[in-house]
Amino acid sequence: MAVTEKLNKKEIISNKHTNYRNFPMVPRVVFGRRSFSQLGEVLMPKRRNSDAPFIFLADDFFENTDLPSQIPLMFDDEIIFISANEEPKTEQVDALVARIKENFAELPSGIIGIGGGTLLDLAKAVAIMSTNSGPSHNYQGWDLVKKPALYHVGIPTISGTGAEVSRTTVLMGPDKKLGINSDYTTYDQVILDPDLTKTVPTEQWFYTGMDCFIHCIESLNGTYLNAFSKSYGEKALELCNEVFLEDIPEEESRDKLMMASWHGGMSIAYSQVGIAHAMSYGLSYLLGVKHGLGNCLVFQHLEKFYPDGVELFNKMIHKHQITLPKGICSNLTENDFDLMIKVAMRMEPLWENALGKDWKNKITPDCLREIYMKI
Ligand SMILES: [Fe+2]
């Protein structure tokens with residue numbers, strides 16, 4: 001018997017009780033400039049019948065642009081425009097599901113999210129809650145969803161959040177900001193058309209791009225790192241460096257940031273984010289600070305934890321002449337700080353990824369307060 005055969009047998013025996021994650025990926029993806037025009041042919045085979053519409057949830061930023069005219073509507077299909085000014089909420093998801101069920105006799109053929117992280121997360125949640133009984137806040141957590149979601153398609157119009165690949169949909173609930181993490185959350189189909197990101201305002205482009213950059217830094221410097229998340233994280237970081245530190249043509253930059261977002265999302269899907277995300281959750285919960293900006297506000301003060309990452313971040317801020325808002329926490333009360341600290345410290349896997357299993361010995365509420373006070 002060959003030696004390798006013996007070795008393989010040994011490996012199989014020693015791996016008998018492993019518990020690696022069996023994580024879902026987006027099964028179908030179209031990538032390319034102007035690929036949005038393929039949406040009609042992508043959806044056609046998924047249309048159950050003329051009474052089962054497609055519901056398009058689109059960022060209201062596009063309401064008065066030519067984008068709606070490019071959406072391939074048929075029969076009773078409906079576009080619902082939604083503001084992305086605030087982070088998505090569980091009550092918003094429940095209201096959308098109720099509205100859809102009230103308006104249509106049949107369940108829709110599918111839900112299509114068109115927008116940034118907010119719209120992409122909303123569409124995932126509406127697809128889940130169309131087939132699972134509510135309210136949606138009952139599903140905030142890990143693997144609480146019982147039934148497969150409706151067919152759902154994600155079409156990002158801004159790059160960075162990784163919401164197009166993740167198995168979560170982060171929602172603000174009545175008592176917590178937490179994702180519906182499940183195998184049913186992941187999109188069935190994604191369309192990546194970099195041309196859709198042409199109209200993103202510079203600051204939003206930067207903050208959302210930095211969300212991706214911070215995904216890479218937190219994943220690559222985390223204790224959960226493994227070959228899978230490392231390979232995606234390194235590629236995403238390389239792309240972020242090209243986009244934010246080099247001078248490349250705009251079209252190429254849009255292509256690359258869209259790929260960076262995808263790879264950054266894949267990297268954290270198989271590992272975890274870290275300190276900036278944990279603390280950004282606190283800012284968002286108390287003050288409604290949007291995810292990308294919140295991450296930047298925290299990350300600038302994390303040189304102790306991510307020295308190389310913060311150095312790169314500062315170069316990026318400088319190159320793009322971004323001025324981060326100041327004094328966000330200057331008028332907060334002791335109770336406010338306590339609440340933010342509580343929300344942040346509740347994100348246990350994020351801290352464990354960042355600092356190891358004994359993270360509680362390495363970080364204290366006072367350390368967090370000190371960082372928040374600088375913001
Ligand atoms: Fe993020």
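As the structure lists them, so they are numbered: ligands from 1, and atoms in each ligand from 1. Index from 1, following the sequence.
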Checklist entry - Donor-acceptor pair, Q140 side chain versus K176 backbone, under 3.5 Å? => result yes

Checklist entry - What are the two closest non-hydrogen atoms of I180 and S136, and how far apart are they? => result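 For I180 and S136, the tightest heavy-atom pair comes out as CD1-O, 4.0 Å.
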
Checklist entry - For the Fe ion (ligand 1), how many protein N, O or S atoms lie at less than 2.8 Å? => result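 Step by step: take the Fe ion (ligand 1), keep protein N, O, S below 2.8 Å, and you get 4.
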
[Y]/[X] salt bridge by N-O under 4.0 Å criterion:
{"X": "R47", "Y": "D77", "result": "yes"}
{"X": "K256", "Y": "E238", "result": "no"}
{"X": "R369", "Y": "D338", "result": "yes"}

Checklist entry - Are T169 and T185 close enough that a side-chain donor and a side-chain acceptor fall under 3.5 Å? => result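 Note: T169 and T185 side chains miss the donor-acceptor criterion.
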
